[in-house]
Amino acid sequence: MPHRTPAPPSGPPSVPPAAWPLVALFTAGYLAPYLLPTLVGRLDAHLPLSPAQAGLIGSALLLGSAAAGFVLASRIPRHGPRPLARLGLLLAVVGYGAAAATTLLPLVVAGAVVGGFGSGTATAVAASGIAAQRDPHRTSALGLLSVSAAAGALYLTLPRLGGGGLPHGVPFAAIALFAAAAWPATGRLGGHGGAPVAGVPAGRLPYPRAGAVLAGCLMLWSLAQNALWGVSGRIGTQQAGLSEVTLGMVFAAALGAGLLGVAAASALGARLGRAVPIGAGTALIACCVVLSSSAQGLGTFAAGEILWNALYPVVLSYAIGLAAALDPRGRWAVLAGSASSLGVACGPVTGSLLAEGAGFPGMGLVLGGLLLAVAGPMAAVALHAGGRPLTAGSVRRRGGAPAAVLAAGAGTPPGTVPRVGAAELEVAEIRVRRLPKRVLLLSPAARARPLRPAARATGEVPVGSAPHAPAGRLPGAPPRTPRLNRRRG
């Protein structure tokens, strides 16, 4: 009998990168959007800029970050994550360092744009690696947990740093230092020409409509979030009457609540799927935006900011996991992240224009309505393309302990067992035609064969002997000749 075991795949197996270098890279790349309020506030306070002009510089930084994602979406597997990650970190250090070391407006703008492109490059490489993980939701939650902790620590530290003659450059310098600290983590990333993901074709993008809807909704979702985040400092100081130290403490507490939210999302995992956290979470965020924008004192402002920042990373982690599930090669994750960065870039300008035209409460109502409008399509994408997540329990139900051991084995060929978090295949019902029963009739010689005494005493009929007499016939009567075996004379 020929050997039918499939041959192992040629070349080295595709091993997902380690999680902690991706978390470090994600933290360094995503820190600038988290520090956007203090960046814009310091530019407005310490440089000859109006609030709208300072918001434009912040938007230019985030536009550079979004441009990096769109440019590198299909080039990361070709060039490899390690050189691109190091290029992004180098650009971030140089750009933010230059913006922090000068007061000349052209150099500040150029440094912010270059640094933003570097941050976007690091984020794109991290998003591509997160999509290749066995559990992308858990890795993205760890990344958001790390960046929330770093931003919270900086919000507690930066107000106490004067900055000397360059007070506007303290946030830029902090981002540059985090980018330099993430440099050793790039040594654990892949080199040139990353290996393709096993079982995934390298052709067209899967789920084109669902991916496009998700990217568009995520852009508007991020725009609404950062439109409020960009003017939260002004709401706290001008409308709620808070000092800079008190405002920094509120932001730090809000980011601390974000840590708890991300930890809860990581522990919850895929038990509720993705549609419920994304849809219901976005609706709750809309309520928090309205509450925070209409705050008149410390209590209302702090409650709105803390609840909002507790829900924001939870929904974002599930959205990143959904984009990663659409394409294991990471292309939709990078494109959706770039669309989110584009919305983040347009957020400060949108928030400033809405605040000047309709006031802070009117701005909150507009942004809350926008969030409610995108909550439904995002949840629909999660229901349509996300599928029912495959959990560890379903792996056990589909093969027991051997399947669980096979899924966890280090030498298991990729593609043999669905990874945890992957969408479950639909079960198709197959209609089977019922075959008619076939009755075998014994020949007259076999039916006339006498029973053994032991069988006659117990009433058992051995195989090949005469069957029991049918109903309506006396025992011991001669058997009738079957009709099929009767010959016509």
Side-chain angles (χ1 to χ4, degrees), residues 12-34 69 72 76-77 80-90 92-93 118-154 174-192 194-195 197 255-256 258-270 313-314 316-321 323-325 328-330 333-334 337 392 407-410 414 419-421:
S14 177
V15 179
W20 73 266
L22 299 176
V23 171
L25 197 61
F26 186 85
T27 303
Y30 218 73
L31 188 60
Y34 268 70
L72 300 174
I76 296 175
R82 185 190 303 164
L84 291 179
R86 289 180 173 176
L87 175 63
L89 294 178
L90 180 62
V93 171
S119 295
T121 303
T123 305
V125 174
S128 178
I130 289 173
Q133 293 289 303
R134 292 184 177 88
D135 191 357
H137 169 70
R138 183 177 180 84
T139 309
S140 62
L142 290 176
L144 290 172
L145 191 68
S146 175
V147 71
S148 298
L154 288 176
I175 301 173
L177 289 177
F178 268 87
W183 183 276
T186 59
R188 300 295 300 271
L189 300 176
H192 295 275
V197 179
L255 293 175
L259 294 177
L260 297 178
V262 173
S266 179
L268 183 63
V314 175
L316 183 59
S317 66
Y318 280 99
I320 294 174
R329 294 178 62 88
V334 176
R419 64 182 182 179
V420 175

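No hydrogens, no waters, no symmetry mates; every other heavy atom, side chains included, goes into these values.
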J.: Could you tell me which residues satisfy side-chain contact (heavy atoms from CB on, under 4.5 Å) with Leu90, sequence neighbours excluded, listed by chain and number?
T.: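 Leu90 satisfies side-chain contact (heavy atoms from CB on, under 4.5 Å) with Val94, Trp183 once adjacent residues are dropped.
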J.: What pairs with Thr121 under side-chain hydrogen bond (donor to acceptor under 3.5 Å, both in side chains), at least two apart in sequence or on another chain?
T.: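 Expected list: none.
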J.: Could I get the full list of ring pair (Phe, Tyr, Trp, His ring centres under 6.0 Å) partners for Phe178, not counting sequence neighbours?
T.: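 Here no residue qualifies.
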J.: OG1 of Thr139 to CG of Leu144: how many Å apart, nearest 0.5 Å?
T.: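 Those atoms lie 11.0 Å apart.
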J.: Go through the structure and list residues passing side-chain hydrogen bond (donor to acceptor under 3.5 Å, both in side chains) with Thr27, not counting sequence neighbours.
T.: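 For Thr27, the residues satisfying side-chain hydrogen bond (donor to acceptor under 3.5 Å, both in side chains) (neighbours in sequence not counted) are Ser146.
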J.: Under the rule for side-chain contact (heavy atoms from CB on, under 4.5 Å), what residues qualify as partners of Leu259, not counting sequence neighbours?
T.: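 Checked Leu259 against side-chain contact (heavy atoms from CB on, under 4.5 Å); matches are Leu145, Ser148, Ala149.
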J.: Which distance, rounded to the nearest 0.5 Å, do you find between the OG1 of Thr186 and the CG of Leu87?
T.: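 That separation rounds to 11.5 Å.
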J.: So which atom in Leu84 and which in Val125 form the shortest heavy-atom distance, rounded to 0.1 Å?
T.: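 That closest heavy-atom pairing would be CB-CG2, 3.9 Å.
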J.: Between Thr123 (side chain only) and Gly29 (backbone N and O only), is there a donor and an acceptor less than 3.5 Å apart?
T.: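 It does hold such a pair.
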J.: Quick one: list whatever passes side-chain contact (heavy atoms from CB on, under 4.5 Å) with Ala126, sequence neighbours left out.
T.: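 Partners of Ala126 under the side-chain contact (heavy atoms from CB on, under 4.5 Å) test: Leu25, Phe26.
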J.: Measure across Leu31 and Ala150 and return the closest heavy-atom pair with its distance rounded to 0.1 Å.
T.: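 Shortest heavy-atom separation between Leu31 and Ala150 comes out as CD1-CB, 4.2 Å.
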J.: Minimum heavy-atom separation for Val93 and Ala180, please, with both atom names.
T.: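 The pair with the smallest heavy-atom distance is CG2-N, 3.8 Å.
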J.: Show the nearest heavy-atom pair for residues Ala179 and Ala92, with the distance to one decimal.
T.: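 Smallest heavy-atom distance, with atoms named: CB-CB, 3.9 Å.
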J.: What residues form a side-chain contact (heavy atoms from CB on, under 4.5 Å) with Ala24, not counting sequence neighbours?
T.: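 For Ala24 the side-chain contact (heavy atoms from CB on, under 4.5 Å) partners, ignoring immediate neighbours, are Ala185.
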J.: Which pair of heavy atoms, one from Gly258 and one from Pro313, lies closest together, and at what distance?
T.: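 Taking Gly258 first and Pro313 second, the nearest heavy atoms are O-CG, 3.8 Å.
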